[in-house]
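Have a look at the structure below before the remarks.
Side chains are part of it too, since the values below use all heavy atoms of this structure and drop only hydrogens, waters and symmetry mates. These figures come from a predicted structure and were not determined experimentally.
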Amino acid sequence: MATHSVKLPDVGEGVTQAELVEWHVKVGDVIREDDLLAAVMTDKATVEIPSLYSGTVVELGGQIGEVIPVGANLVLIETTQATGEGETPPASTEAPAARTRSGKADTPVVSSPPAPAPRINVPPPSAVRSPTQIGAPRNEGTATLASPAVRARAREGGLDLRQVIGSGPAGRITQADLDLVFATPPGKKVVHQGSSMRAVRTGAQEIKVVGMRRKIAERMALANSRIPHITVIEEIDVTALEDLREKLNAARGEKSKLTVLPFVTAALSQAFIDHPEMNAHYEDDAGVVIRHEAVHLGIATMTDAGLAVPVLRHAEAIGLFETAAEIARLSALTRASKANRSELSGSTFTITSLGPLGAIATTPIINHPEVAILGINKMAVRPMWDGSQFQPRKMMNISASFDHRVIDGWDAAVFVQKIKSLLETPALIFMGEGR
């Protein structure tokens with residue numbers, strides 16, 4: 001027998017560490033080559049690590065939520081086939097000896113019988129949670145993301161996984177989620193109020209902030225602690241823009257359908273010509289503002305795992321329908337957790353929108369190290385006074401936040417008025433393309 005170490009590989013250029021977000025195996029599991037071992041996250045990309053060996057898992061290299069460096073032991077696997085004489089194990093995945101925590105001396109890895117699988121405490125059928133204690137069942141046909149080990153444990157406990165809310169990437173159900181469900185007392189206290197009965201809910205669920213949610217929390221804390229925000233809110237008459245959008249969509253053929261976002265990206269590209277200070281990064285540690293000629297727009301996108309920001313590159317050089325197609329492609333990849341690192345980084349300015357659910361106004365938080373962000377709010381028909389009578393007009397508010405360390409309030413207001421004039425008279429967006 002021989003014990004092999006699967007190390008955390010280099011999962012991306014410049015990446016030195018990654019966060020463990022899910023284990024697909026446990027100590028004692030018998031696995032085959034290419035079986036998934038774990039899922040790790042770096043920045044906003046999740047990577048699943050396969051096994052290089054067949055054998056028995058004897059040790060795991062960390063706990064969920066732990067950040068481990070590239071090259072560290074991820075899993076120890078005991079195989080029945082010993083390394084042949086003169087055979088050299090792969091250097092990138094296996095070490096001939098494991099070091100102690102102090103790193104002073106090499107201690108050979110000693111083969112030993114596989115550690116017994118941890119006992120799973122499965123509650124008796126009478127203690128299985130009722131649907132109202134867990135969550136509303138998912139609709140029939142809706143995919144439930146869970147590893148084979150999680151599914152097996154749920155079956156043994158008589159638990160319908162459709163009723164469990166997953167805390168892993170893309171809503172994946174983890175062993176920790178099952179621990180919380182099985183640890184919750186099944187009974188409920190009931191009090192009588194007149195002729196009615198109301199259940200008193202006393203439970204509390206502890207959800208560890210890991211993976212993408214932790215990345216989002218870190219970036220929001222960074223932006224809020226280092227950037228003094230100023231937000232300018234303005235209402236825009238988009239009646240003419242909506243008329244133009246409707247006509248272009250009617251004649252689009254097989255091209256992607258236009259939403260309001262391609263017009264906003266085109267307006268921003270024009271506005272940056274007169275206001276290059278908005279398409280910039282503020283490297284506050286160095287005290288340097290870097291103004292970018294290329295317009296790389298971050299498009300805030302909601303996913304099952306949280307908010308991600310894919311990047312529309314060179315928005316200044318592509319047309320409306322190309323923009324619509326690229327935004328649709330990036331959004332689909334991001335929601336499916338398939339966007340790569342280059343598609344999720346490098347933005348110079350960010351747009352955020354809540355779509356039809358948008359409010360009258362928002363106060364968006366700047367995507368550090370950018371210096372500004374534009375929020376698109378809900379569109380609605382409102383009565384507007386034209387000087388002699390009220391007219392129904394399609395109105396939309398925009399909310400723009402600025403880094404007040406490098407953007408003055410006057411400049412912020414002028415920039416917002418520029419966006420307003422372009423969106424209210426969309427012909428101006430295209431008349432300025434040739435200058």
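Judged purely by atom type and a 3.5 angstrom limit, Asn249 uses its side chain to pair as donor or acceptor with the backbone of Leu258. Judged by distance alone, the side chain of Asn279 and the main-chain N or O of Ala294 form a donor-acceptor pair under 3.5 Å. At least one donor-acceptor pair under 3.5 Å links the side chain of Thr348 to the backbone N or O of His296. Remark: side-chain polar atoms of Thr79 are not paired, donor with acceptor, to backbone N or O of Ile77 under 3.5 angstrom. Thr259 places a side-chain N or O within donor-acceptor distance of the main-chain N or O of Leu261, the cut-off being under 3.5 Å. At least one donor-acceptor pair closer than 3.5 Å links the side chain of Asp29 to the backbone N or O of Lys26. The main-chain N or O of Ile360 is found under 3.5 Å from a side-chain atom of Asn397 such that the two form a donor-acceptor pair.
Counting all heavy atoms, side chain and backbone alike, Ala280 lies closest to Glu277 at CB-O, 3.6 Å.
For residues 278-288, the pairs satisfying salt bridge (charged side-chain N to carboxylate O under 4.0 Å, His left out) are Arg226-Asp284, Arg226-Asp285, Asp284-Arg405, with sequence neighbours left out.
Rounding to the nearest 0.5 Å gives a distance of 6.0 Å between CZ of Phe402 and CZ of Phe415. If you take CG on Leu333 and OG1 on Thr303, they are separated by 12.5 Å, rounding to the nearest 0.5 Å.
Between Glu343 and the options Arg313, Arg329, Lys338, a salt bridge (charged side-chain N to carboxylate O under 4.0 Å, His left out) holds for only Arg329.
Partners of His229 by ring-ring contact (aromatic ring centres under 6.0 Å, His included), not counting sequence neighbours: none found.
Side-chain contact check for Glu370 and His368: no donor-acceptor pair (N or O, by modelled atom type) lies under 3.5 Å.
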